[in-house]
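Within every chain, numbering begins at 1; the chains are lettered A, B, ... in the order of the sequence lines, protein sequences first and strands thereafter. All values derive from a computational prediction rather than experimental measurement.
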Amino acid sequence: MIDPSVLAENPERVKQHLRKRHAAQDTFALVDRAVELASTRRAAIAERDRLRAQRNTLSKDIGDAMKAGNAAAADAMKTAVGEGKVRIDALETELTSVEAALAEIALGLPNLVHDDVPDGKHESDNPVVRTWGTPRRMSGDSHVEIGARLGGLDLERAAKLSGARFAVLLGDVARLERALINWFLDVHTNENGYTEVLVPYVVQRHCAVGTGQLPKFEKDMFRLAEPLNGADAFLVPTAEVPVTNLHREEILDEASLPIRYAAFTPCFRSEAGSAGRDVRGIIRQHQFHKVELVWTTTPERANEDHLALRRHAETLLERLDLPYRTVLHCGGELSFGATRCFDLEVWLPSQGGYREISSVSWFGDFQARRMSLRYRAGEGARKGKVAFAHTLNGSGLAVGRTLVAILENHVRDDGSVSIPAPLQPYMGGRDHIAARLT
RNA sequence: GGAGAGAUGGCCGAGUGGUCGAAGGCGGUAGACUCGAAAUCUACUGUACGUCAUGCGUACCCAGGGUUCGAAUCCCUGUCUCUCCGCCA
């Protein structure tokens with residue numbers, strides 16, 4: 001959520017950011033509507049509070065009059081309070097609907113855009129900010145064929161269980177997936193200072209509102225048919241949702257920041273808008289695994305923290321010897337809640353191009369406002385003041401896509417696949433997975 | 001699934017209709033004392049919204065309703081936590 005006072009007092013600035021995002025036309029009208037609603041809201045609050053102050057004074061006087069035995073005076077004042085109450089009730093009814101309408105708009109507006117974000121509308125407008133490694137294979141079999149030859153990937157049987165966009169992994173390929181999870185977590189906790197956290201995979205609606213998936217993108221998530229503990233609930237689309245919400249509605253000490261979590265979770269996505277894209281293989285699945293890195297930090301630190309987080313993800317690809325590039329999202333590509341975002345794209349020979357394997361986002365205080373995640377400044381001019389924290393997250397990494405990249409980049413001529421050195425300890429010390437003889 | 005107890009400020013804990021944003025203690029901050037520290041003493045120590053802003057007003061004692069001139073306090077509903085029994089991984 002963007003700052004409501006900026007929305008109310010500086011709508012032109014908000015629209016400028018919307019233009020940079022190439023937002024839909026009707027979004028601009030919503031900004032104007034919000035300005036009207038905010039003004040109505042302020043007027044209603046002012047009148048209601050004035051009447052309540054009057055009531056509170058009178059109530060005291062009534063008590064005094066009754067103690068003094070002056071029933072007639074008390075009754076007269078009771079009548080006056082009663083009249084005020086009718087108006088107060090009307091104003092509160094009005095406020096409830098005005099604030100609901102305002103919240104609906106505010107929760108549906110995307111974040112403001114960081115100055116670093118370049119103009120542009122499409123993926124092709126994202127500038128490349130880093131390239132690492134040289135692709136050895138420029139084309140060839142996809143992970144589907146390679147995985148099948150290893151006896152480790154069975155999409156047909158997965159379809160018997162769950163339909164399209166699911167996979168069954170077997171043998172050493174399944175173990176390689178598990179090795180990646182363990183290695184990612186070990187690197188982040190042992191070398192990068194993250195705290196490992198294991199969280200629920202089902203969350204109630206308010207959490208997904210907090211991180212920004214809701215209310216706008218409900219179609220992308222799996223919603224449970226039955227209420228969970230009395231509330232609407234969803235399978236997590238990413239660990240970002242439960243982990244960022246861990247400290248919702250808290251006021252953290254600045255000394256405890258940044259808080260950095262590394263979380264492994266399965267991720268569930270309905271991908272409703274993706275019909276026809278990546279139908280083959282395991283690039284786009286309804287269920288996949290991801291290790292996610294989530295930071296809660298201060299506005300002062302956030303810029304450098306965002307770059308540090310990006311390096312934590314990039315380094316993994318380098319150690320796995322997987323060529324990749326890093327792009328900076330242009331305005332039109334920037335996701336709803338992000339103020340600045342880097343995508344890491346790994347080289348996939350079968351596609352002859354780079355594919356997203358990690359998205360490293362800085363949200364400013366956008367998510368923090370939605371979940372009331374705040375901190376108290378410890379030092380400096382603002383000492384003792386409470387402010388919204390900044391949140392960041394990035395994949396470190398998407399496990400399934402890393403597996404695909406390893407299969408496709410490290411396959412050998414005989415159909416076997418080399419295991420990158422860091423993963424070998426997790427694979428019984430072996431340096432390759434052999435192809436089956438058939 | 002059955003039975004019971006509870007939810008108050010950073011923490012502990014008092015408060016059963018008005019003088020309660022809330023006693024007291026702990027913790028924290030500042031000052032005094034001290035060469036310094038400890039101990040001691042003094043003061044301060046919530047969040048949000050509104051505003052004709054070094055001030056004033058309003059709301060918040062789990063949440064939502066209700067009773068009342070007036071609710072932390074009374075009533076209803078819900079949520080969560082704890083204890084015991086049952087079941088289960």
Say you pick atom P in B:A48 and the same atom in B:G10; how far apart are they, in whole Å? 12 Å
What distance, rounded to whole Å, do you find between the two C1' atoms, one in B:C56 and one in B:A5? 44 Å
Under a 4.0 Å threshold between the charged nitrogen and the carboxylate oxygen, would A:Glu104 count as salt-bridged to A:Lys216? no
Going by ring-ring contact (aromatic ring centres under 6.0 Å, His included), name the residues that satisfy it together with A:Phe388, two or more places apart in sequence or in a different chain. none
For the backbone of A:Thr244 and the side chain of A:Gln367, can you confirm whether one donor and one acceptor N or O come within less than 3.5 Å of each other? no
Please enumerate all protein N or O atoms sitting under 3.5 Å from an N or O of nucleotides 17-19 of chain B, with distances to 0.1 Å.
residue, atom, partner, partner atom, Å
B:G18, N2, A:Ser59, O, 2.8

Any chance you could list the contact pattern along nucleotides 47-60 of chain B? Use B for base contacts, S for sugar-phosphate-only contacts and - for none, protein heavy atoms under 4.0 Å, 5' to 3'. SSSSS-----BSS-
In residues 71-96 of chain A, which ones come under 4.0 Å of RNA chain B, going by heavy atoms? A:Lys78, A:Val81, A:Lys85
Can you list the residues that meet the side chain to side chain donor-acceptor pair (under 3.5 Å) rule with A:Glu314, with sequence neighbours excluded? A:Arg310, A:Arg311, A:Thr326
So ring pair (Phe, Tyr, Trp, His ring centres under 6.0 Å) across residues 223-259 of chain A, not counting sequence neighbours, yields A:His247-A:Tyr261
Assign the ring pair A:Trp362 / A:His114 to parallel, tilted or perpendicular, where the plane angle (0 to 90°) is split at 30° and 60°. tilted
Contact list (N/O, under 3.5 angstrom) for nucleotides 72-80 of chain B vs protein:
residue, atom, partner, partner atom, Å
B:C80, OP1, A:Asn229, OD1, 3.4

Side-chain donor/acceptor pairs under 3.5 Å, residues 168-179 of chain A, sequence neighbours excluded:
residue, atom, partner, partner atom, Å
A:Asp172, OD1, A:Arg430, NH2, 3.1
A:Asp172, OD2, A:Arg430, NH1, 3.0
A:Arg175, NE, A:Tyr426, O, 3.3
A:Glu177, OE2, A:His289, ND1, 2.9

Separation of the P atoms in B:U19 and B:A30, to the nearest angstrom: 35 Å
Residues 33-92 of chain A vs ring pair (Phe, Tyr, Trp, His ring centres under 6.0 Å), sequence neighbours excluded, gives none
Between A:Asp154 and A:Glu156, is there a donor-acceptor pair closer than 3.5 Å when you use the side chain of the first and the backbone of the second? yes
Rounded to whole Å, the NE2-P distance (A:His206 to B:A63) equals 15 Å
Would you say the ring centers of A:Phe366 and A:Phe336 fall short of 6.0 Å from each other? yes
Mind checking what makes salt bridge (charged side-chain N to carboxylate O under 4.0 Å, His left out) contact with A:Glu47, not counting sequence neighbours? A:Arg87
Any donor-acceptor N or O pair under 3.5 Å, side chains A:Arg340, A:His306: yes
Please measure how far the P atom in B:U8 lies from the corresponding atom in B:C74, and state the result in whole Å. 16 Å
Write down the distance separating the C1' atoms in B:A72 and B:G21, rounded off to the nearest Å. 10 Å
Applying side chain to side chain donor-acceptor pair (under 3.5 Å), can you list everything that pairs with A:Glu191, at least two apart in sequence or on another chain? A:Arg319
Short side-chain donor-acceptor distance under 3.5 Å, A:Lys290 and A:Thr238: yes
Tell me whether A:Glu250 is salt-bridged to A:Arg374, with the criterion being a basic N under 4.0 Å from an acidic carboxylate O. no
Considering only the P atoms, how many Å lie between B:G78 and B:A59, rounded to the nearest integer? 28 Å
Whenever both distances are under 3.5 Å in a Watson-Crick or G-U wobble pair, mark it; put RNA chain B into dot-bracket that way, with [ ] for crossing pairs and | when the partner is on another strand. ((((((((.[[[..)..(.....]]]((((((.......))))))((((((...)))))).[[[[[..)....]]]]])))))))....
Residues A:Glu92, A:Arg52: salt bridge by 4.0 Å N-O rule: yes
Using the P atom as the reference point in each nucleotide, state the distance between B:G70 and B:G18 in Å, no decimals. 14 Å
Which value, in whole Å, describes the distance between the C1' atoms of nucleotides B:G25 and B:C75? 34 Å
